Amino acid sequence: MTGDMGYTDYREVLALPENYKPADVIRNYKKRMKQLLIEISENRQADDRRDHYLLLMAQLNAAFYILRDRQRGETYLLERNEVMRMEEEWRTATGKGDAGEEDVLRRKYDQALRNFLAKYMEEFVLEAGRDPECVENSGWDSVHERLAGRILRQYRQQRYHEIHERLPYFEVSAPDIDWETRSSFVEELLEGSIPE
Amino acid sequence: MSNPPETPAQDYEALLDECLAYAVAEGDIVNFRLLFMPASPFRKDSPEDASTPKYDYLFPETTDTPRYREALSLIQQEDISRFIREQLDRKGPPKLPWQTVLALGDNAARLGKYTAAAQAYELLRVRRRIQDIVLDKADERLNRGEIAAAVRGYTIALGLQYDYAAFPEPLPAVPDYQERAPALHSVYPASTEQTLSLQEDAVLCKAALNYLLPYAEFSGRLEQAAPETRIQFTAALIRGLDHDWAAFAEVFRKAAQLTANYQPVFDKLNAFRPDIIEVLAEPPLDPAILPELRTIPQMLSRASAANHEWWHYIKTMAYHHPGAALFVSRQRLSATEEIVVPRIRPDSALAKALELAG
């Protein structure tokens, strides 16, 4: 699990202070992008880690694109806080015995989470790649965009999955797994013995 | 007028247990989930009736197997049975009892139904941890020289992989060797250095493992293994992913014999750029032998015709025999026509282990 609880914090991506100024956004973005491009050019295994570097580049671009614009940045932070509040609201309702209410809150939260991730982890990231300033600093082009589609979808789904892993179970009853038994089961599988 | 004969009353409780136990025993996640859905034939508010013939497929043909009996006894445990009935009576989305989902996943894994097992484990949020245990145990077996068990472990872990980039929702990842095999041959092999199958075993094994286990967290684990172990593992993995490998190897050897007769012609063709071939005063290839050459990729890929593009043959071959794409290469016949031919190094231990050498 990442430090931002799964809801990517673009202020952390650019290492911005709490009360950052527009100049901090530009300065930190340029500095970090330059460092990343140097790292890529010096890394002999850069081709093997293409997806990883593409994601880092896309995230820097998105962080800059979102936080550079005061209104867009504020909306992002508001929506991020709201979806986190909804998570808390659902968590609090869980276990109080009102299954109907619990389900309504879970659905509301789930929809808000999906929208948040789709907007800020995918749509704006691709949009940032078309921004002239991002293009100039990162060299992002149509090839990057084509490759990024799959990578960003995977990233978004993984984030969704990461967040859900720490939330209350709702599709199955909460499991109580005996990992010793699991280990023996795997040994049995590796032996290849299939009972009738 | 006589009354119609009375239909015997159905014991729906017993029928429900039977269907659930059957789904658990067979690792059938689709049928299992159906039994809890709003349209389940076992919900009181559903218009569907489990006793009608259209639901026969939900019932076991035989109840006399240990796996079924074990599943039935799990389903009939008092707390699980009560929980199931509560969920079926509940308004809104039901929760599945975790014990049965886990048992279902285990049975699916035992039966090789890895996509069903992956879905069950994913629901329980234990898929990745189980995958890690499988890989750790497989590595232990590999270190002890138990190649078959190690290959089984990697095959299971591969089967449990999830594709989070799937659209619109994550799904279990399924083998797609036919999609990735052409990329192994994206550059035309004009020289030995460019021909993957003619590389030393160490290079070929690395490419093979990256192709057959297409996730860095899988293939990366094998990098520390001894070269000899890697060869044995790769050979066993290729056989493990293809139960018909022996038949393919036989066809491959025949195709290789046929190809060997024409090697001097191929060498001559590869010495020229494709645009030059068309304007040579003396064509390097006798048109009379073309029909025979075209049968080579057809033999290898079991294609229905001999007039396909090279990538079509590679895709078809990789679909039937995933490992096959590693031991062939493209061969130009003219500026516009290419076929696929078998090519292996005579000293390749990997090719020998796979009975491809002649």
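What you see is a predicted model, and the numbers here were worked out from it, not measured in a lab. Each chain gets a letter, A, B and so on, in the order the sequences are listed, and its residues count up from 1.
Residue B:Glu169 touches chain A through both its backbone and its side chain, counting heavy-atom pairs closer than 4.5 Å. At a 4.5 Å heavy-atom cutoff, B:Ala148 makes no contact with chain A through either its backbone or its side chain. Looking at B:Arg128, the atoms closer than 4.5 Å to chain A (heavy atoms on both sides) all sit in the side chain, from C-beta outward. Both the backbone and the side chain of B:Phe167 come within less than 4.5 Å of a heavy atom in chain A. Interface remark: A:Phe185 contributes side-chain atoms only to the contact with chain B (heavy atom separation under 4.5 Å). With a 4.5 Å cut-off on non-hydrogen atoms, A:Val172 touches chain B through its backbone and its side chain both. The parts of B:Ile133 that come within reach of chain A are both its backbone and its side chain, each placing non-hydrogen atoms under 4.5 angstrom from that chain.
Side-chain atoms of B:Arg125 and A:Arg166, non-hydrogen and from C-beta on, never get closer than 4.5 Å to each other. Side-chain contact between A:Glu187 and B:Lys137 is present, with at least one heavy-atom pair separated by less than 4.5 Å. In this structure the side chain of A:Ser173 never reaches within 4.5 angstrom of the side chain of B:Leu96, judged on heavy atoms. Annotation: side chain of B:Val126 is in contact with side chain of A:Trp179 (closest heavy-atom distance under 4.5 Å). Counting only heavy atoms from C-beta outward, the side chains of A:Arg182 and B:Arg129 never approach each other to under 4.5 Å.
If you tally non-hydrogen atom pairs under 4.5 Å between each of B:Asp163, B:Thr100, B:Leu102 and chain A, the highest count goes to B:Leu102. Between chain A and the residues B:Gly153, B:Pro170, B:Ala149, the most heavy-atom pairs under 4.5 angstrom are made by B:Pro170. Of the listed residues B:Asp106, B:Asn210, B:Val134, the one with more heavy-atom pairs under 4.5 angstrom with chain A than any other is B:Asp106.
No option in A:Arg159, A:Gln157, A:Arg153, A:Arg156 other than A:Gln157 meets the side-chain contact (heavy atoms from CB on, under 4.5 Å) test with B:Tyr164.
The two atoms that bring B:Arg152 and A:Leu189 nearest to each other are CD-O, 3.5 Å, heavy atoms only.
For B:Arg144, the CZ atom sits in a packed shell: over 12 heavy atoms of surrounding residues, nucleotides or ligands are nearer than 6.0 Å. Within 6.0 Å of the CD atom in B:Gln224, the count of heavy atoms belonging to other residues, nucleotides or ligands does not exceed 12. More than 12 heavy atoms of other shown residues, nucleotides or ligands fall within 6.0 angstrom of atom CD in B:Gln87.
A salt bridge does not link B:Arg127 with A:Glu165: every distance from a Lys NZ or Arg NE/NH1/NH2 to an Asp or Glu carboxylate oxygen is 4.0 Å or more. The residues A:Glu188 and B:Arg110 are annotated as salt-bridged, a charged nitrogen and a carboxylate oxygen being separated by less than 4.0 angstrom.
A distance of 11.0 Å separates NZ of B:Lys95 from OH of A:Tyr169, quoted to the nearest 0.5 Å.
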>> Using side-chain contact (heavy atoms from CB on, under 4.5 Å), reason through A:Ile177 and B:Trp98 one step at a time and then give a plain yes or no.
In response: CA-CA 9 Å; A:Ile177 308 282; B:Trp98 73 268; 4.2 Å; yes
